[in-house]
Amino acid sequence: MPSPSCTTERDLVFRARGVTKVYDMGEVQVHALRGVDLDLFAGELVVLLGPSGSGKSTLLNILGGLDTASEGEVSYHDRILTSASERELTEYRRVHVGFVFQFYNLIPSLTARENVAIVTEIAPDPMTPEESLELVGLGDRMDHFPAQLSGGQQQRVAIARAIAKRPAVLLCDEPTGALDSTTGILVLEALERVNRELGTTTAIITHNADIAAMADRVVRLVDGRIAETTTNTHKKAPQELHW
Amino acid sequence: MMRRMKAIDKKIFRNLWEMKGQALAIALVIASGIATFVMSLSTLDSLQTTRASFYSDYRFGDGFASLKRAPNRIASQVEAIDGIDTVETRVAAFVNLEIVGYERPVTAKLLSVPEGAPAQLNKLYLRIGSLPDPAREDQVAVSEAFADAHRFVPGDTLFAMINGRRKELTIVGIVLSPEFVYQIAPGSMIPDFAAYGILWMGEAALSKAYDLSGAFNDLSFTLVPRAASADIIDRVDTILEPYGGQGAYLREDQLSHRFLSEEFRQLRQMSIMFPMMFLGVAAFLLNVVISRLIQMQREQIAALKAFGYSNLAVGLHYLKLVLVIVLLGVIGGTLLGMEFGQAMSNMYMRFYKFPYLDYVLRPIVVLGAILISSVAAVLGNVYAVRQAASLPPAEAMRPAPPANYRVSIVERLGLRRFLTQPTRMVIRHIERTPVKSGLTVLGIAFGCAILILGLFFNDAMAVLVDVQFFQTQREDVSVTLVEPTSYRAAHELRSLPGVGRVEVYRTVPSRLRFQQREYRVAIQGIEAGGDLLRLLDDDLNPVPIPEDGIVLTDHLAKILGCRPGDSVTVEVLDGHRPVLTVPVARVIKQFVGVTATMDLNALSRLLGQGSAVTGAYLSVDANAEAETLSALQARPRVAGTAALRSQMQNFLSTVGNQMLTFAFFNTLLAVSIAFGVVYNSARISLSEQSRELASLRVLGLTRGEISYILLAELGILTLIAIPVGWLIGLGLCAFVATGMQTDLFRIPFVVSSFTFTFAAVVILVSAVVSGVVVRRKLDDLDLIEALKTPE
């Protein structure tokens, strides 16, 4: 069982047991996950590392309530996600989870501030859009539309949008995948800062092994299974990374 | 051996299958347009073909003349006129009929069938039974319309007042004649198959009954090709004048033919205007929908180009896709149009008495339909593909940069803080693509407009009936006298049971001329201060009959091209046939028929005769109507009576019915067009915004919340479209009302609030139904897919 020393005293946020995901593609069955056990603890920053097709996105989607497991159980605190209804999952995403995606998924018709506001308006205890944009270093770009922002800036707006509701967990799927390394590092800095200052449990999916150095814990997935879990005794700051 | 289908062509069918809902909706719009087109043109073609073959097979005359009495040898003088081919003489008379079990007054035209040789002209088509025995004076054949109205079968009998003697006649046959395809009584505007019939009797028997042995009082003739018809009419008139000739006339002035021609003309106008509008709208929609569809395939287009397909090949690929949809629509529309067309033609057959119907669908009609819709599709296609193909493949395959948005005008007006983020999204989205939003509005508006056009006929008909039968003709019963009678007849009529007001009139058959234009019409002299027949000005207010001069209906004034103050030449076609000059005193509004009216005294003064009358309008106590009618019938000098209420019913059941059937089919098609537009708009918005909406779902917005973003836009566009549609609809109605002006009737330009409401409700319901369908699609939104793929 993975139980790294630095998190032993912390609360268990996610608990996944025997998670299997099979996609029925007509006549072919694709096994994306083949029995995954994983625990995520409050406040830790975990990097899920693996080549494409290893099942990391599927795992993240199941944790985020975007997809359902074929077999196994996933719980978030006391809540069993694997048996939750569509309505419950929507509520779960709305209150507890922040998402950051490879392609940002900003609403082009809303300004940076409004892209954040569309989430804070429906969250129970959000920070203001201004606060969260300050936190990712975009205090001076609040009234810009996505088309007026660079890729890195757009991704930081997406992070601000994800954290503004003060989620318990932040799930990031290849957040730097569409960015060059300099910009990517700026984005990782923002994620690291959120994790540090707000204590948000953060899971980052990447195929870029260099990013793993900034994690508390690194989970390697191969072929739908967890191949290895390592704990970083010495975390690197994002500025120290390069690829 | 069949060649294997290319991969790119398979893609067409796959794509079609993926967008089957939308493809069907587009095909539905095209089918509706094509159906109207095919229905209208095939109906018109069928009626015209049928008429032409009936006329030629049964040798319908080219010219006709009535007279008092002429010896048979005169016929050969007429036949000798250069340009006349065949002449046939006969005996004709108007008679009052009595039918057991039928209360209302019935009149008939009694015609002779030649004996010995079979008829040369205006031959009879025998439906059942036989033609009357030439020698028997108690046998008749009757027209089919009349027989149907009374359910006569051979062997039935009826009574006729023949030359003052009551005779029992036995029906031996039921026939149709090219002369009476449109069976309408002279002077009447609307056919009444029960109240007016045509009877044929052997010539010997009929001429004996009317003391016309060895003589005739009616003739028809045919012309050789390219004969100088006007000269011939003048020469026939010269020959017949000494024998009481009442003016020969050509086929174009023959009653049945003229009405038929007018109706065909009207049908042709409808057949061209309606489908053009429908197809125009369908083509427009097709264009909009196709171009948006292709814009959404930008990535696939880029991929195809990356593989080495040329812009032309890509364009052709999408063109094929579009043409498959068009073809579906054309096939569906043609089949539907043929169904409707046959239904329409059969409906017309109830009023036009042809022995058979040749249903014709000319290939050119179908080709035209294919051409129009294909051109529309191709135009939409070319533009969209060119736009999509203009990007270098690599650029098109990269995630598109976020679209440029800005703060909307509404927000800049200071309303921003009142709007939620979703509402801001909706407004900015509409504003960012004004052309696209505008086209959607226009598309929905067109759906609304053609609904208004379809219903407009109801409204017009209601006003027409009200104006004609409640404001203009207000009598209960009208009476025609056998011959001009002194004014004293009025007193006699007034003494009948149940009769209230009596207003006498006189009609004089005439030809009006102004400059080079002329029109045959009976001038009606009416009493000043009358209330049963009223003249209405442009605003439909009653105006008194001027003491002098002639009053023309607006339509007649337009035909003649004259205005009040001009003088028209009146050629009287009766008696001494004087030619007079009369000033036009006034032009009045009338939607039904063509009339020329004068003050009765002024007319008598003009003719230089005493105050003779030829008929009267009566107001009758409703409870005593049956009694009054039978008292009238007993009067030997009464040639015919007509009850207004049955006239009105007739109008509604003939002319009204035809128009309403047409309008009903059109409304049906309009509804489907409206739905097709709204549904397509909703579906396209959904595809365009699905990624954004999925992202929002991921962020925790509920289905209801994202539905709002999508459906509010559709809602706003629909609400804008409705008033725009009303305006376009009004324009179309005005266009139709101006275009459909015939001698029979003119369409008043009135659109009721019901029509506006109904059109709006249909559009709203279409929007709601489309909304519900799209809302259900939102439930299937693939959240994960939206996150993986760039735009």
Side-chain angles (χ1 to χ4, degrees), chain A residues 23 52 57-58 60-62 64-67 86-87 89-111 113-123 129 143-151 154 157-158 161-162 164-165 167 171 173-174 177-178, chain B residues 398-408 411-412 416-417 419-433 437 688-710 712-713 778-791:
Chain A
Y23 290 107
S52 60
S57 286
T58 308
L60 194 82
N61 288 339
I62 293 174
L66 289 175
D67 207 344
E86 164 64 37
R87 183 181 296 271
L89 286 179
T90 302
E91 196 266 345
Y92 162 65
R93 292 198 300 268
R94 189 174 186 134
V95 178
H96 303 280
V97 192
F99 282 103
V100 176
F101 311 106
Q102 180 177 4
F103 299 112
Y104 335 131
N105 289 63
L106 294 182
I107 308 299
S109 56
L110 297 178
T111 61
R113 190 202 308 265
E114 290 162 345
N115 259 288
V116 179
I118 197 162
V119 170
T120 58
E121 280 170 2
I122 59 166
D143 291 321
H144 288 56
F145 283 94
Q148 299 163 315
L149 297 170
S150 71
Q154 288 184 52
V157 173
R161 182 175 66 179
K165 64 169 100 156
L171 303 177
D173 192 346
E174 299 277 9
Chain B
R398 257 203 303 273
N404 258 310
Y405 279 90
R406 50 184 200 150
V407 176
S408 66
E411 294 169 83
R412 273 178 277 150
R416 188 168 185 175
R417 62 206 156 96
L419 304 174
T420 61
Q421 311 309 329
T423 307
R424 293 182 197 183
M425 283 177 69
V426 170
I427 296 173
R428 289 176 194 172
H429 192 254
I430 294 175
E431 242 192 63
R432 191 181 85 87
T433 50
S437 308
E688 286 172 346
Q689 297 185 56
S690 63
R691 188 169 179 275
E692 262 174 68
L693 297 175
S695 303
L696 291 173
R697 284 279 287 135
V698 169
L699 295 176
L701 272 76
T702 60
R703 285 174 182 162
E705 284 161 343
I706 58 161
S707 305
Y708 167 77
I709 294 170
L710 186 69
E713 182 176 337
L778 278 181
D779 292 352
D780 304 335
L781 212 52
D782 189 338
L783 304 191
I784 297 160
E785 195 58 34
L787 305 178
K788 278 196 222 146
T789 49
E791 265 182 286

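It should be emphasised that the depicted structure is a prediction, and the values quoted were computed from it without experimental measurement. Naming: A, B, ... by sequence-line order, numbering from 1 per chain.
In terms of non-hydrogen atom pairs under 4.5 Å with chain A, the most contact-rich of B:Arg424, B:Arg697, B:His429 is B:Arg697. Top candidate by heavy-atom pairs under 4.5 Å with chain B, chosen from A:Leu66, A:Leu89, A:Asn115, is A:Leu66.
Using a 4.5 Å heavy-atom cutoff, the side chains of A:Arg87 and B:Arg703 are not in contact. In this structure the side chain of A:Pro108 never reaches within 4.5 angstrom of the side chain of B:Arg432, judged on heavy atoms. In this structure, the side chains of B:Val698 and A:Asn105 stay at 4.5 Å or more apart for every pair of heavy atoms.
Atom CD1 in A:Ile118 sits 5.5 Å away from atom CG in B:Leu701 (nearest 0.5 Å). Between A:Leu110 atom CG and B:Tyr405 atom OH the span is 9.0 Å, to the nearest 0.5 Å. Atom CD of B:Glu692 sits about 10.0 Å away from atom CG of A:Leu106, to the nearest 0.5 Å. The line from CD1 of A:Ile107 to CG of B:Leu693 is 7.5 Å long, rounded to the nearest 0.5 Å. For the atom pair OG of B:Ser695 and CZ of A:Phe99, the computed distance is 11.0 Å after rounding to the nearest 0.5 Å. Note: B:Leu699 CG to A:Arg94 CZ = 11.0 Å, rounded to the nearest 0.5 Å.
For chain A, no part of B:Val426 is nearby; none of its heavy atoms comes within less than 4.5 Å. For a residue to count as touching a neighbouring chain, one of its non-hydrogen atoms must lie under 4.5 Å from one of that chain's; by this rule A:Glu121 touches chain B with the side chain only. Looking at B:Glu705, only its side chain comes within 4.5 Å of chain A, counting heavy atoms on both sides. There is no contact between A:Glu174 and chain B, counting heavy-atom distances below 4.5 Å. Contact annotation for A:Ile122: only side-chain heavy atoms (C-beta onward) come within less than 4.5 Å of a heavy atom of chain B. With a threshold of 4.5 angstrom between heavy atoms, A:Arg161 approaches chain B through side-chain atoms but not through N, CA, C or O.
Closest approach of A:Phe103 to B:Arg691, counting heavy atoms only: CB-NH2, 3.4 Å.
The backbone N or O of A:Ser109 sits less than 3.5 Å from a side-chain atom of B:Arg428, completing a donor-acceptor pair.
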I'd like to know whether B:Leu783 forms a side chain to side chain contact (heavy atoms under 4.5 Å, CB included) with A:Arg93, so could you lay out the CA-CA distance, the side-chain angles of the two residues, the decisive distance to 0.1 Å, and finally the verdict. CA-CA 12 Å; B:Leu783 304 191; A:Arg93 292 198 300 268; 3.9 Å; yes

